[in-house]
Amino acid sequence: MVSLKQAMHIEMFFDKDSNTFSYLVVDGATQQAAIIDPVLDYDAAAGAVSTEGADAILAFIEQHQLRLVWILETHAHADHLSAAHYIKLKTGAPIAIGEGIRKVQQTFKVIFNIADQELTAKGDYFDHLFADDERFQIGNLEGRVINTPGHTNDSVSYLIAGHLFVGDSLFMPDAGTARCDFPGGDAALLFQSIQRLYQLPDATPMYMCHDYQPNGRELRYLTSVGEQKQQNIHVRADTGSEDFVQKRTERDRTLAVPKLIYPAVQVNIRGGQLPAQESNGTAYIKIPLKNTESLMDG
Ligand SMILES: [Fe+2]
């Protein structure tokens, strides 16, 4: 068994279907831990969910006799389903996300025509909504929430004992930044958010949520504020807002809709819970149809 007695231990888990990194952050002194962005396995064609990825994290927690005190989401993801609710069922730990989730819930409540009884869009399904700059504890480790909207309205970064978890605000330097063309996305806002992160010390380690291995290079999940400021292909220390917005907007025009956006968003705005079962006991994912005018009567 790995010893987790040092002051802080960060264990990375990788979901290869969605290229997502999840992290378990452990306070060695108290054996308390937080999980960031856990993934629920999902076979879209079969509509089948499964929990191998989350179970591997739970097994690690059990093996090392850790106490999970937070399930942290960096934002409502559009590319994978969150295992937050499943992990909460297994551990009792609270699920937290940035308070911008209310806006994201409202946006998608309209898009998916979700009834008030199922979603009020006031942060329901989450146990705690973080305000900007809010502090929280993982045992003796102090965490700070930095609001970093732009990719989505609810995006936050977590700075935990000097280690920065940025969600999708930044990718590795050779991949740049995440798209800003989802409902509520805003490239100018993402630029401002990145400036906040770039004010942290250059040596600050920065952990990615995704890596798509550009040009076939090896998988990477760790960089630093300084490395990003020098090398990020979209935003370096001296990049201006207009420059970035133009580059980001042009790139977004070329991107396809993420394969799992409809199932992912419907589950993730509910903190990883599936939509309510219908009268036959089955839960369904909706897909809004577009360009339907020519098929309508009258
Ligand atoms: Fe995302």
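Note that the structure is predicted; figures quoted are calculated from it, not measured. Only this structure's heavy atoms are used, side chains among them; waters, hydrogens and symmetry mates stay out. Order of appearance sets the numbers: ligands from 1, and atoms from 1 within every ligand.
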Can you tell whether the side chains of Glu227 and Arg220 come within less than 4.0 Å, N to carboxylate O? yes
Note: Asp116-Lys109 ion pair, threshold 4.0 Å (strictly below): yes
Does the shortest distance from the Fe ion (ligand 1) to an N/O/S atom of [X] fall below 2.8 Å?
{"X": "His151", "answer": "yes"}
{"X": "Asp79", "answer": "no"}
{"X": "His75", "answer": "yes"}

Answer yes or no: is there a side-chain heavy-atom contact under 4.5 Å between Tyr158 and Leu72? yes
With the Fe ion (ligand 1) as the point of reference, which N/O/S atom of Asp168 is the closest? OD2
Identify the two heavy atoms, one from Lys286 and one from Phe112, that lie closest to each other, and give their separation to 0.1 Å. NZ-O, 2.8 Å
